[in-house]
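First comes the structure, then the notes that go with it.
FYI, the numbering just counts along the sequence from 1. Reckoned from all heavy atoms, side chains included, excluding hydrogens, waters and symmetry mates. These numbers come from a predicted model, not from an experiment.
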Amino acid sequence: MSGVVTGDAVVLGLQPARLPSRALALLIDLVVIWFAYLLISLGLALATASLDEAAAMAISIVSFLLVLVGAPIAVETLSHGRSLGKLACGLRVVRDDGGPIRFRHALMRGAMGVVEILMTFGIVACIASLVSERGRRIGDVFAGTLVVRERVASAPNTAVPPPPPWLVGRFTGLDLSAVPDALWLEIRQYLTRMMQLDPAIGRQLAERLADELVARTGTPPPPGVPAAAFLAGVVAERQARDARRAFAPTQGPGYGTGYGRMPGAAPGAYPAASAPASASASASASVQAQATAAGSAPAPAPLPVPPEPAPSAPASAPPGPPATGFAPPA
């Protein structure tokens, strides 16, 4: 990988193009350019047959400069560093900081390309590319550009790193229903690339994301837990809830909805959410029967258990809100 670093001290995953791929892209470009130059020269020779020799020579020089020098500059400027050969080989010209090139970069590359490619048949460009650490020719050095590969193999591991073992199961009572998908995506991108960031910049980014997550959930992280570990623990809890909801769809409508502790979750430092007051007695009996069956050996179908009477409550008293958030540690 290259050492391209942005203003935020982020190392970009740009792979510099080496001599073989650049030579193939240049060969494709030269074939196209020379073919176009021959067609234009043939047309101009027929159109200027009645002119004198000096005028015909001047037109030939102008056509040479426009086609062999001006055309590559215009193509790289308009396509932001993608000529026909580079497009076929999956290459692109970018600035040293990873941004797209402009006219001045293409002009400097084209002007130096006349000397190191056309006048020396590419010998100077090949030597410079072999000597350079990132495969740059002299035109790239003067223009402040770099040829990189756009079509590279995907990273072998893009999964979110797991949280520390002592954080597993500690966020089962956290209400995640108010967290938008955009914030989840931003947190996931940070966790998958946090090892590539500068430590100070990564710490600031983790703290900012943790503050946004706390603002959405209304619950601060446990004392002494780093921001990155807090983000990893919350993301792991969301993934666990999604997995339970996807692979156990028959557990009831409130299963894995993001409110309170999930059934069978490991005990942690935070209490489970209270059950809704409007739950029916039959649903409670069904949950008890499932818990009994899960903890015992397989047995014949049990006899139906009569539902226990629900505790009486005043008709005017509204049901209390479900408990969300963390209780203070003991």
Going by atom types alone, do Ser83 and Asp29 pair a side-chain donor with an acceptor below 3.5 Å? yes
Once side-chain hydrogen bond (donor to acceptor under 3.5 Å, both in side chains) is applied, what residue pairs with a partner in residues 110-127 remain, sequence neighbours excluded?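 As it turns out, the side-chain hydrogen bond (donor to acceptor under 3.5 Å, both in side chains) pairs with a partner in residues 110-127, which skip direct neighbours, are Glu116-Arg137.
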Partners meeting side-chain contact (heavy atoms from CB on, under 4.5 Å) with [X] (sequence neighbours left out):
X: Ile127; value: Ile123, Val131
X: Val114; value: Val69, Leu118, Met119
X: Ala200; value: Asp198, Arg203
X: Val67; value: Ile33, Tyr37, Ile40

Would you mind listing every salt bridge (Lys or Arg N to Asp or Glu O under 4.0 Å) that reaches into residues 43-66, with sequence neighbours excluded?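 Checked against salt bridge (Lys or Arg N to Asp or Glu O under 4.0 Å) - neighbours excluded - no pair reaches residues 43-66.
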Hydrophobic cluster partners of Phe35 (side-chain heavy atoms under 4.5 Å):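 Reading the cluster by chain and number, Phe35 sits alongside Leu39.
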Linking directly or through intermediates, with side-chain heavy atoms under 4.5 Å: list the remaining ILVMFWY members grouped with Leu27, chain and number order. Val31
Salt bridge (Lys or Arg N to Asp or Glu O under 4.0 Å) involving Glu212 - partner list, sequence neighbours excluded: Arg208
All N/O donor-acceptor pairs, side-chain side in residues 220-235, below 3.5 Å, sequence neighbours left out:
none

Residues forming a side-chain hydrogen bond (donor to acceptor under 3.5 Å, both in side chains) with Arg22, sequence neighbours excluded: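 Only Asp140 meet the side-chain hydrogen bond (donor to acceptor under 3.5 Å, both in side chains) criterion with Arg22.
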ring-ring contact (aromatic ring centres under 6.0 Å, His included) involving Trp166 - partner list, sequence neighbours excluded: none
